[in-house]
Each structure stands twice: as structure tokens, then as C-alpha cells.
Amino acid sequence: NKVNPETISKLVDKLEQQLIDNPNQIELIKKLAQLKYFLLDFEGALMEFEKGRKLETDDIDFLIGEANTRLILEKESLSEKTVGLFTKLLKERPNDITALLVLADYNFYKSNFKTSKNYYKKLLSLIDKNSLEYNDIKSRLDEIKSFQ
């Protein structure tokens, strides 16, 4: 199941051409954003996810795509916009592990320990007790207790 990046690039070009004629085609925008993300063109993917969210504000795929793309681009220094996207995502999907982890860590580093603690506790209820992530989160909760 090898995927040829050149073939995907040609598909991206074709989708971009189709969008010139029909710029509000939601499914084409979504496919283009996902392909650009897959090709590691995060800046390009972000532009498409944002365009899609402007046209379809309630589309969960655009919300997830934009939030995750921003997470990659911003790395350790999350913007308020990105935090807001993950907060909105969590309202739509209360058990979204990525959103919970992002918000837990963000609040931890902002010294919002009570909020962070709630997110970490929720995460512990959702992930396997034998996983490394479980132990990391448990350690983070112990660290929060030492601050209080």
C-alpha cells in the first residue's frame, strides 16, 4: 500500500483547479485540506481548513483539521485561537482524547491547576491503565497535588 507523493501532488493540483471554477465546494475543500495535511503542507492545509470553516462553521471535520494543524504549527506555544478550537471541539466531543490532553497540558503550564486536574482525571478514565500515557498523566496529577 505505497502511496506515491507525486500522484497525490497531481491530485492536489487537480482539486485546486476544480475549486477555481467552484470555490465553495465543501467536499473538494475538505479533500484538498486533508491531502495537503497528508503531504505535510501544514500551512496550505490550514488555509483550506480555515476556508472550509468559514463556509461550514459547524462541520466537525474542518474544526478537527484546523485545530490539529494549528497544534502542529504552533508546537509548544499555543495561541488563544488554537485553545479556543480545542475547547469548542471538546464541547462537541467530550471524550476527545487529543482535545483533553491539549487543554490539560495548556492549563497545567498556565498554572491553572484545578482546570488541568479535571482534564487529566477525565483522560485517566478514557485510556488504558497499562499504557505509558496513563502513567504520565498519573505523574502529572501527583505533580499538581504537590503544588496545592
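One distance of note links CD1 of Ile8 with CG of Asp41; it measures 12.5 Å at 0.5 Å rounding. Taking CG of Leu141 as the start and OG of Ser146 as the end, the distance is 11.0 Å to the nearest 0.5 Å. Note that OG1 of Thr69 and CD of Glu43 are 10.0 Å apart. Values are rounded to the nearest 0.5 Å. Taking CD1 of Ile29 as the reference point, atom CG of Leu32 lies at 8.5 Å (rounded to 0.5 Å). Here the OH-CG distance, from Tyr120 to Asp136, works out to 9.5 Å after rounding to the nearest 0.5 Å. The distance from atom NZ of Lys36 to atom CZ of Phe49, rounded to the nearest 0.5 Å, is 11.0 Å.
A side chain to side chain contact (heavy atoms under 4.5 Å, CB included) with Leu28 is found for exactly one of Glu16, Gln18, Lys14, namely Gln18.
Between Lys10 and Glu6 there is a salt bridge, since a side-chain N of the basic residue sits under 4.0 Å from a carboxylate O of the acidic one.
Residue Leu100 comes nearest to Pro94 through the heavy atom pair CD1-O, 3.9 Å, listed as atom of the first residue, atom of the second, then distance. Of all non-hydrogen atoms in Leu55 and Pro23, the two that sit nearest each other are CD1-O, 4.3 Å. Smallest separation of non-hydrogen atoms from Glu80 and Tyr106: OE2-OH, 2.7 Å. Residues Ile26 and Gly52 share a closest heavy-atom pair of CD1-O, 4.5 Å. Closest of all the heavy-atom pairs between Arg53 and Phe62 is CG-CB, 3.3 Å. Between Ala67 and Thr82, the shortest heavy-atom contact is O-CG2, 4.3 Å.
In this structure, the side chains of Leu78 and Phe86 stay at 4.5 Å or more apart for every pair of heavy atoms. The side-chain heavy atoms of Glu92 and Asp58, taken from C-beta on, include no pair separated by under 4.5 Å. Side-chain contact between Glu50 and Leu46 is present, with at least one heavy-atom pair separated by less than 4.5 Å. In this structure the side chain of Arg93 reaches within 4.5 angstrom of the side chain of Ile60, judged on heavy atoms.
Note on Phe147: it clusters hydrophobically with Leu103, by side-chain heavy-atom contacts below 4.5 Å among ILVMFWY residues. If you chain together hydrophobic residues whose side chains sit under 4.5 Å apart, Tyr109 and Leu101 fall into the same group. Follow the hydrophobic side-chain contacts under 4.5 Å out from Val83 and you never reach Leu73; the two are in separate clusters. No single ILVMFWY cluster, assembled from side-chain heavy atoms under 4.5 Å apart, contains both Leu15 and Met47.
Looking only at distances, no side-chain donor or acceptor of Asn112 sits under 3.5 Å from a matching main-chain atom of Thr115. Ser139 contributes a side-chain N or O that, together with a main-chain N or O of Asn135, makes up a donor-acceptor pair within less than 3.5 Å.
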I'd like a table of donor-acceptor pairs (distance under 3.5 Å, sequence neighbours excluded) in which one partner is a side-chain atom from residues 123-132, with atom names and distances.
unit_1 : atom_1 : unit_2 : atom_2 : d
Ser125 : OG     : Lys122 : O      : 2.6
Asp128 : OD1    : Asn130 : N      : 2.9
Ser131 : OG     : Asp128 : O      : 2.8
Ser131 : OG     : Tyr134 : N      : 3.1

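Using cut-offs of 30° and 60° on the angle between ring planes, the pair Tyr37 and Phe42 is perpendicular.
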For this session: Would you please test Lys31 and Glu27 for salt bridge (charged side-chain N to carboxylate O under 4.0 Å, His left out) and show each step?
Result: CA-CA 6 Å; Lys31 287 176 186 169; Glu27 289 307 313; 5.7 Å; no
